[in-house]
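These notes are about the structure you will find just below.
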Amino acid sequence: MEIEKNNHISAYAIGNDIPITSNELTLIYINNLEELTLLTPSILILCLNPKQQNQILKTLHSDYSVWNCTIYVLQESTLSPYLSDGVFEPSNLDEQWQRHLHKLTLVKEAPIDKLLAWLWLGADRKLLPLCQSERTDLYFYPLLACYFGDDYEPYHYLQLEEKRGYLEKEKTIDKIRLCTFCHSGHLNYIETCPDCKSTNIEESTSLHCFTCGKVDREEHFLKQSILACPNCFTQLRHIGVDYDRPLELYKCGDCQLAFSESLVRARCLSCFTINEVNNLIARPISQFKVGEQVKDLMLYGGRPVEQALTLNSLIDKNSFHNLLVWVNKLAIRHKQSHLLVGVKLSGVDDFSQTFGEVKRLQLIAEISNHFNGLLRDTDICCQYSSELMLLLMPITPIDSIGIIEKKIADISADIESDLITLHIYAWSLPAKSLTHSALTWLNGVLDGVDDE
């Protein structure tokens with residue numbers, strides 16, 4: 001994507017006069033979003049009261065193409081951590097903006113998924129859930145709601161994008177339980193009769209007479225405020241000597257059942273369905289960051305799952321898992337030999353710190369293209385992580401590794417930076433331990449790859 005370079009920065013100021021003084025910044029004040037023209041990537045600064053600011057943030061993401069913009073606020077509001085880049089800091093604006101524009105130059109075409117593009121362009125952007133007690137589902141993702149609507153069910157999207165490698169779960173922040181009937185999270189946990197499920201139960205204490213062994217409800221032992229056994233008439237003065245309280249008893253007012261333990265159930269406060277606790281829908285609430293596969297989505301356009309399978313190009317991580325299991329089964333059945341090669345790029349973090357994230361992305365893309373040019377049409381290449389590439393070479397014995405090492409040495413010689421070193425690892429297929437989960441098997445074999 002071609003980005004016009006300009007040493008002077010212009011920004012849209014939405015709302016009241018903004019108390020900002022900066023020699024590098026020219027503010028274009030607008031009071032109505034209809035005046036906003038986003039023909040090029042822009043900086044937006046909001047100076048509004050919290051209620052207005054929340055509404056404008058939602059409108060910007062829902063109705064305007066702001067995926068390639070940066071959005072700042074002057075004061076935090078409920079939605080600003082979820083839909084903006086935070087509180088405006090003019091001191092480092094130029095550096096941040098140039099880094100943003102530099103990253104935009106890597107985008108070849110307008111992205112299909114604007115939400116993923118927004119997350120990818122900002123190093124600190126996250127997909128965060130927000131708890132609102134007035135909602136029946138308790139949590140929602142404001143960014144997802146902007147791009148897909150308030151009624152959109154987010155959890156299928158999150159599971160699918162995580163499986164594809166476009167989103168990566170950072171941590172689980174909560175776990176809620178929902179009604180099995182209406183999926184509401186507003187539940188009241190109640191003690192109920194184990195037989196008829198009624199909440200009309202009464203609790204009473206029983207007494208045990210040591211003299212005759214009589215066990216009955218406490219009120220049957222009371223006579224004119226004195227405890228005495230109704231069976232043997234012994235006066236009960238000292239607990240532990242004359243009597244004890246062995247257990248608490250319950251009685252259902254509806255079915256008259258007497259029982260010693262009530263059963264806890266969950267009554268939905270939205271539809272009043274009574275749920276067995278074990279049957280409630282358990283849902284983890286997590287925050288996400290952008291996954292490694294989004295880099296290819298931005299650099300090359302399109303989604304790998306929507307493209308025809310061309311084996312002489314990069315494929316995504318999950319497709320590689322599926323192919324690895326399939327090829328291993330073929331090797332076992334037909335007694336074939338395949339080769340799996342790992343190429344570790346040591347020094348990537350140092351390179352990124354020295355030259356920046358954009359240069360790191362360009363370097364990895366350049367190395368990936370070198371692999372595609374040198375490998376056979378039937379070889380499969382996967383950028384497995386920021387530091388590891390995996391090459392699957394069907395019908396290739398392990399003793400061919402010398403030829404592979406020579407090709408990889410040629411790639412290493414083309415890398416201009418001394419900070420990057422390539423290390424080669426090889427595994428022979430078939431592997432009997434590789435059955436249904438390539439991820440589990442790879443985690444095991446990759447544990448043997450030393451940190452260089």
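- With no hydrogens or angles considered, no side-chain donor-acceptor pair links T180 and N279 at under 3.5 Å.
- There is no side-chain donor-acceptor pair under 3.5 Å between Y157 and E162.
- Residues L144 and P154 approach most closely at CD1-CB, 3.6 Å, considering heavy atoms.
- Shortest non-hydrogen contact noted between S84 and L57 is CB-CD2, 4.1 Å.
- Remark: T59 pairs with L33, Q55, D63, Y64 by the side-chain contact (heavy atoms from CB on, under 4.5 Å) rule, at least two apart or across chains.
- A side-chain N or O of Y12 and one of T37 form a donor-acceptor pair less than 3.5 Å apart.
- A salt bridge links K197 with E276; the closest basic N to acidic carboxylate O contact falls under 4.0 Å.
- In this view, E76 and S80, V87 satisfy the side-chain contact (heavy atoms from CB on, under 4.5 Å) rule, not counting sequence neighbours.
- Looking at heavy atoms from C-beta onward, E161 lies in side-chain contact with D113 at the 4.5 angstrom threshold.
- Closest approach of L83 and W118 over heavy atoms only: O-CZ2, 3.9 Å.
- Taking the six-membered ring for Trp and the full ring otherwise, the centers of W67 and H61 sit at least 6.0 Å from each other.
- If you check the side chains of S270 and S184, you find a donor sitting under 3.5 Å from an acceptor.
- K406 is linked by a salt bridge (Lys or Arg N to Asp or Glu O under 4.0 Å) to D410, counting only residues two or more places apart in sequence or in another chain.
- Smallest separation of non-hydrogen atoms from T136 and H186: CA-CD2, 3.7 Å.
- N32 and E35 share no side-chain donor-acceptor pair at under 3.5 Å.
- Ring pair Y250/F259 is parallel by interplanar angle, where below 30° counts as parallel and above 60° as perpendicular.
- Contact record, P81 with L128: O-CD1, 3.9 Å, taken as the closest heavy-atom pair.
- Residue-environment remark: OH (Y155) exceeds the threshold of 12 foreign heavy atoms within 6.0 Å.
- R135 forms a cation-pi arrangement with F140, by the criterion of a distance under 6.0 Å to the ring centre and an angle within 45° of the ring axis.
- Contact of the I176 side chain with the I281 side chain is not registered, since no non-hydrogen atoms from C-beta on lie closer than 4.5 Å.
- A 4.5 Å side-chain heavy-atom check between Y72 and Q96 finds at least one atom pair inside the cut-off.
- D85 approaches R125 most closely through the heavy-atom pair OD1-NE, 2.7 Å.
- Between the side chains of Q98 and H100, no donor-acceptor pair of N or O atoms lies under 3.5 Å.
- A cation-pi arrangement is present between K103 and W120, with the terminal nitrogen or guanidinium carbon under 6.0 Å from the aromatic centre and inside a 45° cone about the axis.
- Using the six-membered ring where Trp is involved, F288 and Y141 have ring planes that are tilted, between 30° and 60° apart.
- Seen from the ring of Y189, R265 does not count as a face-on cation partner, given the 6.0 Å and 45° thresholds.
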(Q) Walk me through whether S286 and E170 qualify under side chain to side chain contact (heavy atoms under 4.5 Å, CB included). (A) CA-CA 7 Å; S286 304; E170 278 198 319; over 6 Å; no

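- With hydrogens and angles left out, the side-chain atoms of S433 and W441 include a donor and acceptor closer than 3.5 Å.
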